[in-house]
Amino acid sequence: MIVFLVFASDPDPLQDFCVVVDDSRIRVFVNEKFCKDPNLTTADDFYFTGLNIPRNTSNPIGSVATLITADIYPGLNTLGIAFARIDFAPNGLNPPHTHPRASEILIVLEGTLYAGFVTSNPNNRLITKVLYPGDAFVFPIGLIHFQLNIGNTSAVAFATFSSQNPGRINIANAVVGSTPPLSIDVLTKAFQVDKDVILDLQAQF
Ligand SMILES: *[C@@H]1O[C@H](CO)[C@@H](O)[C@H](O)[C@H]1NC(C)=O
Ligand SMILES: *[C@@H]1O[C@H](CO)[C@@H](O)[C@H](O)[C@H]1NC(C)=O
Ligand SMILES: *[C@@H]1O[C@H](CO)[C@@H](O)[C@H](O)[C@H]1NC(C)=O
């Protein structure tokens, strides 16, 4: 009998924590990771600040997602979690994208967001909700999702991820903005449109 094990989350750590450390003199090797000596960890290793600061949303899509991982928050390392602050200008969009390795819970702090995701084939059902401050919405792992600010004011949301490294694939960038570009033959057949439509889309990236 052959048994396949599939893990839907990051592996569980074998120690309390593994605070990332740059200083080679004080690191120890635990569970295949370089960690700070646990006896030398301080409260600051588990602390992060500045999440109240609005980010600059002056860009073509009017939104910015600030991902916070163990790279800038050492105490998160090996815990299987990460989070983000997402700022939206009025009418700003967090464009359709997927996280290949994480489910996401989005919590709205300020503003009004139209959020949704699309189920996998064959149904491709669109599931959406208008979210207000205090509301949460979950985006299941791997599914294409988005948020649009439909309020008059800027909006702020926080997102938590079930992986230390959720990954992000923006659908438009990946399909019509790849380097080198996907061939016209592939894209005209996939979208069932003329070559000119594809060239126009590719020209945007
Ligand atoms: C951490 O402290 C404990 C208790 O004092 C000690 O037993 C242990 O060896 C120390 N660990 C390291 C890596 O120094
Ligand atoms: C926001 O970003 C835009 C474009 O990069 C820049 O022109 C503008 O000065 C920035 N605003 C602030 C307040 O930093
Ligand atoms: C949003 O804008 C509309 C139209 O200008 C206005 O009627 C409404 O009062 C505004 N809402 C808020 C919360 O400012």
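Atoms within a ligand are numbered from 1 in the order they appear, just like the ligands themselves. Here the structure is a predicted model, which is why all the values come from computation and not from measurement. Numbering starts at 1 and runs along the sequence shown.
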Less than 4.5 Å apart, side chain to side chain, heavy atoms only: is that true for Gln147 and Phe88?
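They are in side-chain contact.
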List in chain and number order the residues that pass ring-ring contact (aromatic ring centres under 6.0 Å, His included) with Tyr73, two or more places apart in sequence or in another chain; answer none if no residue qualifies.
Phe48
Take atom CD1 of Ile127 as the centre, draw a 6.0 Å sphere, and report whether it contains more than 12 heavy atoms from other residues, nucleotides or ligands.
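Buried by this count: over 12 neighbours within 6.0 Å.
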Under 3.5 Å: N or O atoms of ligand 2 paired with protein N or O:
| residue | atom | partner | partner atom | Å |
| --- | --- | --- | --- | --- |
| ligand 2 | 2 (O) | Asn56 | OD1 | 3.2 |
| ligand 2 | 2 (O) | Asn56 | ND2 | 2.3 |
| ligand 2 | 11 (N) | Asn56 | ND2 | 2.9 |
| ligand 2 | 14 (O) | Asn56 | ND2 | 3.3 |

Is it the case that the side chains of Ser58 and Asn56 hold a donor-acceptor pair, with the cut-off being a distance below 3.5 Å and no angle test?
yes
Distance-only side-chain donor-acceptor flag, Thr57 / Asp87, under 3.5 Å:
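No.
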Ignoring hydrogens and geometry, is there a side-chain-to-backbone donor-acceptor pair from Arg101 to His99 under 3.5 Å?
no
